[in-house]
*Asks:* 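Take a look at the following structure, please.
Just so it is clear, the values below take in all heavy atoms, side chains as well, and ignore hydrogens, waters and symmetry mates.
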Amino acid sequence: MWRYGVSVLKPNNSYFHCERNYFSFSKSNLKKTPIKKFSTIMTTITESDVGILCSISNLPGFRGILKQRYSDFIVNEVDNEGNVVHLTSLDAPPETQAFEEGETKTSDQLNKSYASEIEKFRSLACETDVDSLEALINQITSGSEEDISPIVLSPDSDKLHRTAMHNFFKENLRFLVTDTVDGPDSSSKCIRVRLNSGNNNRGGNYKKRKRGDKPYDSRGSSHWPEHLGKFLRFHLFKENKDTQEALGLIGKMLGIQTRSFGFAGTKDKRSVSTQRVTVFKQHASRLAALNERLIGIKVGDFCYVKDDLLLGQLLGNRFTITLRGVVADSEDTIKASAESLGRHGFINYFGLQRFGSGSIPTHHIGATLLRGEWKAAASIILDPRDGERNIISKAREYYKETGDIDGTLRQLPRHLVAERAMLQCLKKCPGNYLQALKAIPRTLRMMYVHSYQSYLWNHAASMRVQKYGSNEVVLGDLVYIKGDDAEKTEVVPAEHEDDSFEDADDCSQLDEISGKDLPLKKNNLVKVITAADISAGNYTIEDVILPMPGSRIIYPTNEVADVYHDMAKKDGISLTEGVHGVKEFSITSMTGSYRRVFQKPMDFQWELLSYTDGNISLSETDLDKIAKTKPVNLIKEEHPTNGTESEEPIDHPDQLESFNDDKKFSTDNDEVEVSREVEPLQVHSAPDSNSQEPQKALKLAFTLPASCYATMAIRELLKTSTSVAFHKTLN
């Protein structure tokens, strides 16, 4: 039976605890621990390394296993209207008769002979182009499961002739679409021909879209019914897959590019999650038909809308988290901790996911970029590192020893997006390390810098709690000015507002968040707490914010500000002066943002459960609820993660190729998570998860705003590390 948390914060003067033995904020100690300026980085990072040092409650922690099963960590997106997103139906909605008839005609087209059309084309084109077109049509009509690549016809400098060619395809081969690309010289153009799959935009003269540009080719869907919205919105249900990985597989099955999808935020890979997704001019029936083939993924709740989803268009996420194998001094300890979390909340740290899950912390790379050390940053990304799979290690070693880019690219797995992009650039521009770094997809390369900002923020938050407690506002704190103007700042773009979906190649470091922090509007909306404010009692501890460094933020006027500047200075970084002219790698060229220091879970519920079989799920997923009312092709019975979550079993042989291709949309960061910290267990020994002895589980449900880490709420309860490696040791 759920117990409901209290919604008001009741201050308690003794209500905070810091790991003072790990870190001292004295300037003398700060000098001892700058980020190292060399390419051989530590192979593990701990929470204390990234400034996660304090907790609000001084209650004792207890033992509990986080994510023993994927269904122990359920995430449901909360849309901008405050609705929790659920998968409730797998069926496509009834579509108009004309819509269905149009589909039938297209299908019939693919089953006929095209001898007469090819003869007509022969009168317009050379034999080489006729042969190419015939081969393309044969591949399409044969039902081949291979990728159908576009063809490029011979160079043509006659615009009238090119127009006649375009018209031929529109009138005779409507399942194909054409466009014009640059020819071999400035005076000629070529016609590209490809399968009309709605929004397939491959090869040739493709320009990277800017924010707001469309990532699809609208000419591929000229017969869309006028009364339907041009975007199909659906709910994506997935298990043990990050968002980009799941959409990569769906896109492959539909024959469209992953950038055609829009979503509001990424969800944790090691979870069961449901979120909204949009795709341009796709039929619900096509996506619904994929449910029989998809493993660990389902789609449903289809509707047509006018606009696509963009990153940051959500209020937050609803979490249902089950901690298994709970052991404490008494049940009273567990109950007191749960009640405390509901009443007082937690310190709103950036979790370990923010700093990467591999052996190279992303904030180390960020610091190197901010110093303008391009060659060193490139080496950190490309050099061999601990904990990787053998095939990756061999490729890295080969490049370091030989410098052979072509040979390295042949060995390097395709899912290593950053490394491959850099090497391909270095092949064209040898020695230009800055250009190579800029070749990394924008979301990923900017994440390096954002993680360094987060590193400073975490340490500043710890200083705020250690120095002034978590009870009340103090002189020099920053808050948003209350009133009508302050309310307007709540609805705003994400921290990564410039990150377009096309660049979201590495979602592993955005787990359980969307990347949205409190917005930066005008500086006069943020104020420094004065003695008059304290006397008036207008502001509480919940109002306290701290800045993410940038050029348009202000710092607190108390000792907390020193942490930012002192730590950055020890890392050779200035927060006020640029040391190089590359704006995207300079804090002084970023606007900055603000983030609340303390966060309370909303709609907080908890219950203490007893179980004997560790293989039984203790929470109902959306798919479980659907299965109660209608039989569905359920995902294969869930296995405990036991540290092998990246080795998902393949249920069907015909899924093997898709699964392997799907892996390229993730990164190796997910595969080397075991290199995380392994702290000594300081609580009772772990019972066998398959034991028939009764065990306790603590089940929690709560909502957090976007950008808040649920793992930091769990840390407040357990008082132990939230790293994957540590919780694997408990299994």
*Asks:* Could you tell me if the side chain of D477 sits less than 4.5 Å from the side chain of L475, heavy atoms only?
*Replies:* no
*Asks:* Strictly by salt bridge (Lys or Arg N to Asp or Glu O under 4.0 Å), give each pair with a member in residues 581-590 just once, sequence neighbours left out.
*Replies:* R445-E584
*Asks:* If I take atom CD1 from residue I365 and atom CD1 from residue I440, how far apart are they, to the nearest 0.5 angstrom?
*Replies:* 8.0 Å
*Asks:* Would a 4.5 Å heavy-atom cut-off, applied to side chains only, mark D533 and V479 as touching?
*Replies:* no
*Asks:* May I ask you to decide if N76's main-chain N or O and S273's side chain share a donor-acceptor pair within less than 3.5 Å?
*Replies:* no
*Asks:* Verify, without hydrogens or angle tests, whether Y433 (side chain) and E373 (backbone) share a donor-acceptor contact under 3.5 angstrom.
*Replies:* no
*Asks:* Determine whether a donor-acceptor pair (N or O, by modelled atom type, separation under 3.5 Å) exists between the side chain of N432 and the backbone of Q435.
*Replies:* yes
*Asks:* So how far is it from Y448 OH to L370 CG, rounded to the nearest 0.5 Å?
*Replies:* 13.5 Å
*Asks:* Side chain of Y455, backbone of D49: donor and acceptor closer than 3.5 Å?
*Replies:* no
*Asks:* When you measure from the side chain of T368 to the backbone of H364, do you find a donor-acceptor pair of N or O atoms at a distance under 3.5 Å?
*Replies:* yes
*Asks:* Donor-acceptor pair, T243 side chain versus K267 backbone, under 3.5 Å?
*Replies:* yes
*Asks:* Look up atom CZ in F231 and atom CG in D308, then write down how far apart they are to the nearest 0.5 Å.
*Replies:* 4.0 Å
*Asks:* To check you understand the geometry: which heavy-atom pair defines the closest contact between L704 and P601, and what is its length?
*Replies:* CD2-CA, 3.9 Å
*Asks:* Step by step, would you call V78 with V84 a side-chain contact (heavy atoms from CB on, under 4.5 Å)?
*Replies:* CA-CA 4 Å; V78 179; V84 180; 4.2 Å; yes
*Asks:* Below 4.5 Å, heavy atoms only, C-beta onward: do K467 and V474 meet side chain to side chain?
*Replies:* no
*Asks:* So, taking the atom named CZ in F355 and the one named OG1 in T362, what distance separates them when rounded to the nearest 0.5 Å?
*Replies:* 7.0 Å
*Asks:* Check whether any side-chain heavy atom of T703 lies under 4.5 Å from a side-chain heavy atom of F319, and answer yes or no.
*Replies:* no
*Asks:* Does one side chain, of Y452 or D571, offer a donor that lies under 3.5 Å from an acceptor on the other?
*Replies:* yes
*Asks:* Does the side chain of L309 reach to within under 4.5 Å of the side chain of R276, using non-hydrogen atoms?
*Replies:* yes
*Asks:* Considering non-hydrogen atoms only, spot the tightest contact between L575 and P549 and give its length.
*Replies:* CD2-CB, 4.3 Å
*Asks:* State whether the side chain of S535 and the backbone N or O of A531 hold a donor-acceptor pair below 3.5 Å, judged by distance alone.
*Replies:* yes
*Asks:* Supply the atom-to-atom distance N458 CG to S454 OG, rounded to the nearest 0.5 angstrom.
*Replies:* 7.0 Å
*Asks:* Give the intermediate values and the outcome of side-chain contact (heavy atoms from CB on, under 4.5 Å) for residues Q599 and E716.
*Replies:* CA-CA 11 Å; Q599 180 64 52; E716 178 69 30; over 6 Å; no
*Asks:* Test side-chain contact (heavy atoms from CB on, under 4.5 Å) on M447 and T443 and set out the steps.
*Replies:* CA-CA 6 Å; M447 195 178 299; T443 299; 4.2 Å; yes
*Asks:* With the side chain counted from C-beta on, respond yes when L323 and L717 share a heavy-atom pair under 4.5 Å apart, and no when they do not.
*Replies:* yes
*Asks:* Can you tell me how far CZ of R596 sits from CG of D543, rounded to the nearest 0.5 angstrom?
*Replies:* 6.5 Å
*Asks:* So, the side chain of W457 versus the backbone of L546: is there a donor-acceptor pair under 3.5 Å, distance only?
*Replies:* yes
*Asks:* Can you tell if the side chain of P361 reaches within under 4.5 Å of the side chain of V50, non-hydrogen atoms only?
*Replies:* no
*Asks:* Between R270 (side chain) and F73 (backbone), is there a donor-acceptor pair under 3.5 Å?
*Replies:* no
*Asks:* Only one of I52, D566, V563 clears side chain to side chain contact (heavy atoms under 4.5 Å, CB included) with H459; which?
*Replies:* V563
*Asks:* Closest heavy-atom contact between Y539 and Y480?
*Replies:* CE2-O, 3.4 Å
*Asks:* Provide the full list of ring pair (Phe, Tyr, Trp, His ring centres under 6.0 Å) pairs with a residue in residues 560-579, sequence neighbours left out, each pair given once.
*Replies:* Y555-Y564, Y555-H565
*Asks:* Kindly give the heavy-atom pair with the smallest separation between V579 and R371, and that separation in Å.
*Replies:* CG2-O, 4.1 Å
*Asks:* Do you know the tightest heavy-atom contact between Q275 and G265?
*Replies:* NE2-O, 2.8 Å
*Asks:* Test side-chain contact (heavy atoms from CB on, under 4.5 Å) on F263 and E77; report intermediate values, then the result.
*Replies:* CA-CA 11 Å; F263 57 80; E77 189 170 270; over 6 Å; no
*Asks:* Identify the heavy atoms of Y468 and E559 that sit nearest to each other, and give their distance.
*Replies:* OH-N, 3.4 Å
*Asks:* So, do N348 and R595 sit near enough that their side-chain heavy atoms are less than 4.5 Å apart?
*Replies:* yes
